[in-house]
Student: 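This structure is in structure tokens; I'll ask about it shortly.
A note on names: the letters A, B, ... follow the listed sequences, proteins ahead of strands, and every chain is numbered from 1.
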Amino acid sequence: MTETITEHKTVFDVKDMNLWYGNTQALKNLNLEIPENQVTAIIGPSGCGKSTFIKTLNLMITRVPGVHMSGDILFNSQNILKDRIDLVNLRKQIGMIFQKGNPFPQSVYDNVAYGPRIHGVKKKKQLDEIVESSLKDVALWDEVKDRLNSSALGLSGGQQQRLCIARTIATKPRVVLMDEPTSALDPVSTLRIEQLISELKNQYTIVIVTHNMQQAARISDQTAFFLHGEIIESTDTGSLFSVPVDRRTEDYISGRFG
Amino acid sequence: MNSKIADRIATGIFTSLALIIVAVLVALFSFILIRGVPQISWEFLTTPSSTVREGGGIRDQLFNSFYILFITMLITVPLGVCGGIYMAEYAKPGKITNFIRSCIEMLASLPSIVVGMFGLLVFVNTTGWGYTIIGGALALTIFNIPVMVRVSEDAIRTVPPEQKEAGLALGITHWHTIKTVLIPSAFPGILTGAILASGRVFGEAAALLFTAGLSTPRLDYLDLNPFSETSPLNIFRPAETLAVHIWSVNTNGIMPDIREIANGSSAVLVLSVLVFNLLARWLGSIVHKKVTASK
């Protein structure tokens, strides 16, 4: 767990980033580098700004009225806060998984094929391949291969969440953002998603928000601890949990608050 | 008072109110059907009406009703759904949007006779068309659009926001998300709205009196050229609908069998609305199943 982060290319470089909802400052002076093909966990108590932060990375936050930001977030040598960004193109490269699986009310097949279809894949054979490989990547293929044409809403909660991950990786993003992806799932489904995350990091960069510290310790390479909109401490996961530098980090991970 | 007793009383009240409503409906339907159905015969449905002699049918009126309904929906549904999409997805909350919403609500509550007078001024006189099907359809569109906009807006708003976010987060444009995620999910609601609007069109008389007129030219059902004078498909011809026919027979008919014609027409009107609703729902559920892959 103590491998050095510097070996990996930086995907996101967040510099002096601030964010306000109207007059309320929600994120203060954040600095964070997110390395490629690694799992970065964002932990912290409710209301610390961790969900807000992850939503700035694909600019979904700009949908909230009254939000404004300062500072820089470099992605692909572009400053997504300052440069004119094509949101559609940005989000094609940065997929997002939400708290609760949100498949479209369509068939399993159409859910996975949705992104590729719209991004221009027309051939049935090619779509079939993408659907199969995406569903295999999330270990859902064997469970759904006989019901590809039935509604995705008939799947269990855990299956729906894995389907959403399949739908996201079918568009071949560079980064997958996950906003508390297991908070609505039972322990068994949670475990499967965690295993999946560890496998997916070979191909994708993953940023995961979690309120579950054990989860962060189990699956991440790097952890950032958020409190009141600030990053208190961010380092490789092993050291953060074994030798926290800041007193507040220690209090939080030892369960004294939050 | 004991809350259990209160609960029982409330249940009793609601059940009896529901029973009263059902009883009124059943009474109304049986009254219309018992008096009207005996008058319905193949001949009644396939003969043109007669102004003076006994034994006139309702062939043209029946056709006109469906044709005006079709033309009206052809205009209303696309406009109404687009309006609903605008209100739900594009309109920014604020004074202007609230003003638009008030206008829509006001339009929805306009008395249909006023819409008819407006239609007479604009679609009959100003355009110089005279009494026409298109004039009638446009008048009906005026008071159906608000319903359609409102229902579509509500249907789109009830789609879970997570699904919209899912679309946007996949890098799909706003319009594509609306087209491929929101509209299919909102489809059952939009369909219900369209059916409600159709029912109003079918039963409307006041707005059509001065727009589509009280007469129908001699029609040749084999003439399918929509520009021909005698073609039933010509939208620039006057067309008396079934509802208007019932009104005019009752108020100024001079044929000896007024009662029979009115009763028979009323029964046909009610049954047509029923059949149309059932058909529309059946078709709608097939489309919905196909899109959402649900059973």
Student: Has A:Arg167 got its NZ or CZ under 6.0 Å from the middle of the six-membered ring of A:Phe104, at an angle within 45 degrees of the ring axis?
Tutor: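 Because its charged atom sits under 6.0 Å from the ring centre and within 45° of the axis, A:Arg167 does stack over A:Phe104.
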Student: Name the option with the most non-hydrogen atom pairs under 4.5 Å to chain B; the candidates are A:Leu87, A:Ile118, A:Leu177.
Tutor: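 Max contact count across the listed options: A:Ile118.
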Student: For A:Pro173, which atoms come within 4.5 Å of any heavy atom of chain B: side chain, backbone, both, or neither?
Tutor: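 Neither part, no heavy atoms under 4.5 Å.
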Student: Cut-off 3.5 Å, side chains only: do A:Gln215 and A:Glu194 have a donor facing an acceptor?
Tutor: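 Their side chains do contain a donor-acceptor pair, which is all the 3.5 Å distance test asks for.
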Student: What part of A:Arg63 gets within 4.5 angstrom of chain B, counting heavy atoms only: side chain, backbone, both, or neither?
Tutor: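 For A:Arg63, side-chain heavy atoms alone lie under 4.5 Å from chain B.
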Student: Return the option, out of B:Ser185, B:Ala169, B:Pro93, B:Gly167, with the maximum number of heavy-atom pairs under 4.5 Å with chain A.
Tutor: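 The option with the most such pairs is B:Ala169.
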Student: Report which part of B:Lys164 has an atom under 4.5 Å of a heavy atom belonging to chain A: side chain, backbone, both, or neither.
Tutor: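 Answer is side chain: those atoms of B:Lys164 sit under 4.5 Å from chain A.
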Student: Assess the side chains of A:Asn102 and B:Glu165: does a donor N or O sit below 3.5 Å from an acceptor N or O?
Tutor: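 Judged by distance alone, the side chains do not pair up.
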Student: Mark yes or no for whether B:His288, through its side chain, and B:Phe187, through its backbone, hold a donor-acceptor pair below 3.5 Å.
Tutor: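 No.
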Student: Side chains of A:Asn37 and A:Arg174: is there a donor and an acceptor less than 3.5 Å apart?
Tutor: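 There is no such pair between these side chains.
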